[in-house]
K.L.:
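Mind looking over this structure? Questions follow.
In listed order, ligands and their atoms are each counted from 1.
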Amino acid sequence: MHISAVILGDLELHLLTAGHWKADGGLMFGVVPKVMWEKKKPADGNNMIDMACVGLIARVNGRVLVCETGIGTKLSEKRARQVVLREPEGLLHSLKRLGIRPEEVDAVITTHLHWDHAGGLTRRDAQGGLELTFKNARHFIQHTEWDFALHPDQRSESAFVKDDFTPLADGNQVVEFVDGDAEVLPGVHVRHVGGHTPGSQVLVLRSGELACAVTGDLVCQTPHLRVPWTMSADIDPLRVLQEKARLFEEAERHRWLLVLSHETEHPAGYLEDGGRWTPEPGLA
Ligand SMILES: [Zn+2]
């Protein structure tokens, strides 16, 4: 079987597609008029557009890292139907294709704790209880994200599901809280960007001059590569604009590989001069 990968210095990177689903177009594009976004992302009769849950599986200096876990397998049937969920087992299937068992994963990073990023952190066991998907992994989460996810404001409440993340700390001790920017493992950096949620972080993997950034919902899909095209769910939209501009400037200048959280077509690629997107063929 052909397994696509990209090698950047010490980094071995594999694209993780942890499921497909649909989201409301207005949620995804906020104040951008529909006549503009629907040319790029056509909506169905319910105004929903196609989404993927995209992340990375990486080998970094001998460690296995999973970034983003997608929706996971705990949604009710009704909810799964509402969001047209497909292939929710993609997380473990992708690992299996690489010959990696869940207990062999050393570190897990989700960019934030929204249900469509953190859902795969836990699963239902045979008795219907909750279990950790990666029980031996260190899980790096911003402190501010954890606090907000436990006590979200009314507007954000429905986007957090406590069963996704509280088991990481209840009865298990696999969470490591991060405050701001940090190098959590050699070559593995988290950058606190906030904006979308208080503790949203971008993962930056580095080897020498080479780098790959997993953007989280700072940049969901290729139309969001325009700085002002942002989601209506962002709690601090102006901060999103600032952080996007900063990320794009660096990514363009140093030719960082970017992985976009919800893109369905070519989620990994390079931002070129003038905002052009060049897909990375090794991460298709
Ligand atoms: Zn989100």
K.L.:
Please identify each residue that fulfils side chain to side chain contact (heavy atoms under 4.5 Å, CB included) with Ser76, with sequence neighbours left out.
P.N.:
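Expected list: Lys78, Arg79.
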K.L.:
Any chance the side chains of His196 and His114 put a donor and an acceptor closer than 3.5 Å?
P.N.:
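On atom types as modelled, these side chains qualify, holding a pair under 3.5 Å.
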K.L.:
Around the Zn ion (ligand 1), list the protein N/O/S atoms within a radius below 2.8 Å, excluding water molecules.
P.N.:
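The answer, once waters are left aside, is His112 NE2, His114 ND1, His196 NE2, Asp217 OD2.
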K.L.:
Would a 4.5 Å heavy-atom cut-off, applied to side chains only, mark His262 and His117 as touching?
P.N.:
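When only atoms from C-beta onward are counted, His117 and His262 do touch, with a gap below 4.5 Å.
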K.L.:
Inspect the surroundings of NZ in Lys96 and state if more than 12 heavy atoms from other residues, nucleotides or ligands are less than 6.0 Å away.
P.N.:
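Check fails, neighbour count at 12 or below.
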K.L.:
For Leu210 and His254: C-alpha separation, side-chain torsions, deciding distance, then whether side chain to side chain contact (heavy atoms under 4.5 Å, CB included) applies.
P.N.:
CA-CA 8 Å; Leu210 304 169; His254 303 292; over 6 Å; no
K.L.:
Do Glu131 and Thr122 have a side chain donor and acceptor closer than 3.5 Å?
P.N.:
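Not at all, the side chains of Glu131 and Thr122 share no donor-acceptor pair under 3.5 Å.
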